[in-house]
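What follows is one structure encoded as structure tokens, with my remarks underneath.
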Amino acid sequence: KYVGNTLVQLYGTSGCLDSAIRAFDAILSRNVYSWSLLMSAYAQSRHLPGVLNVFDMSPQRDLVSWATAVSACTQEQRLDLAASIFKQMPQRNLVSWNILATAYAQCGYPHDSAATLSRMPQLSLVSWNVFLQAYAQMGDLQTAWDMFQAIPDLDAMSWTSMMSALARNGDLSKATELFDAMPSRDLVSWNCLLQANAQTGHLAAASSMFDKMPQRDTMSWNAIIHASVEQPDMSVGRDCFLSMPSRC
RNA sequence: AUUCCCGACUGUG
């Protein structure tokens, strides 16, 4: 029933902006979802003017349309635009506020991010994760840790955020402890600790992780190749590079 | 049917 919208989404999320636009043009009866999906397609292709243009042309705008617009400004570091659009929103929900808090953090203002979150009447798990990341970004690992302990229903992002903060702070052993304690590990959590080891010269630990990983992507390969090249025997890095599949 | 249904927010990079 929503074949047209689904096509726009499919092309949009895979970065085929032109195809997404053609799919959108082919839709006979566009609804508010169609317009949002086209905005998302532009956002995925990092084309902020396109996002805002579609937003302006939309016959109807709902919370999601507004949220998509603000979020697109955020990824281009346009805090001024994000804040300006946020102020004009006719309604706001929890997600809107989460996006604003994310905007502050991503533009280098973790204190404003935390201040925003602390004024919110309700917090979701996403909010808590942004909160934790804001304190980590300020370098306040103690508060981040206290928050980590207090968050109900921690998810993979909470665990990886905390682990990443510890690793960035130079506490590789605590980061490793956290990794081992995680209820489930995904590619991002593996890559995070792999990179932490690789970037600090722990080639043995990095290699061991690399071998044990259930899946690897280009970031995993990049991390291990960089680490291999940083040590005296250059042939290790070369062999590693040559053994990398063209698609992974 | 504000409850179903196609869209928005957070982690490595």
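When reading the values below, keep in mind they use all heavy atoms of this one structure, side chains included, and skip hydrogens, waters and symmetry mates. Note that the structure is predicted; figures quoted are calculated from it, not measured. Chain naming here is simple, since letters A, B, ... match the order of the sequence lines and numbering starts at 1 in each.
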Distance-only donor-acceptor check, side chains A:Ser161 and A:Gln133, under 3.5 Å: yes
With P as the reference atom in both, quote the distance from B:rU3 to B:rG7 in angstrom, rounded to an integer. 15 Å
A:Arg92 meets the side-chain hydrogen bond (donor to acceptor under 3.5 Å, both in side chains) criterion, sequence neighbours left out, with none
Is a donor from one side chain sitting under 3.5 angstrom from an acceptor on the other, for A:Ser113 and A:Thr116? no
Answer yes if the side chains of A:Ser84 and A:Gln88 hold a donor-acceptor pair under 3.5 Å, and no otherwise. yes
Would A:Asp146 and A:Thr143 count as having a side-chain donor-acceptor pair, cut-off 3.5 Å? no
Can you tell me how far C1' in B:rC5 sits from the matching atom in B:rA1, rounded to whole Å? 12 Å
Starting at the 5' end of nucleotides 1-11 of chain B, put B wherever the base has a protein heavy atom under 4.0 Å, S where only the sugar-phosphate does, and a dash everywhere else. ----BBBBBBB
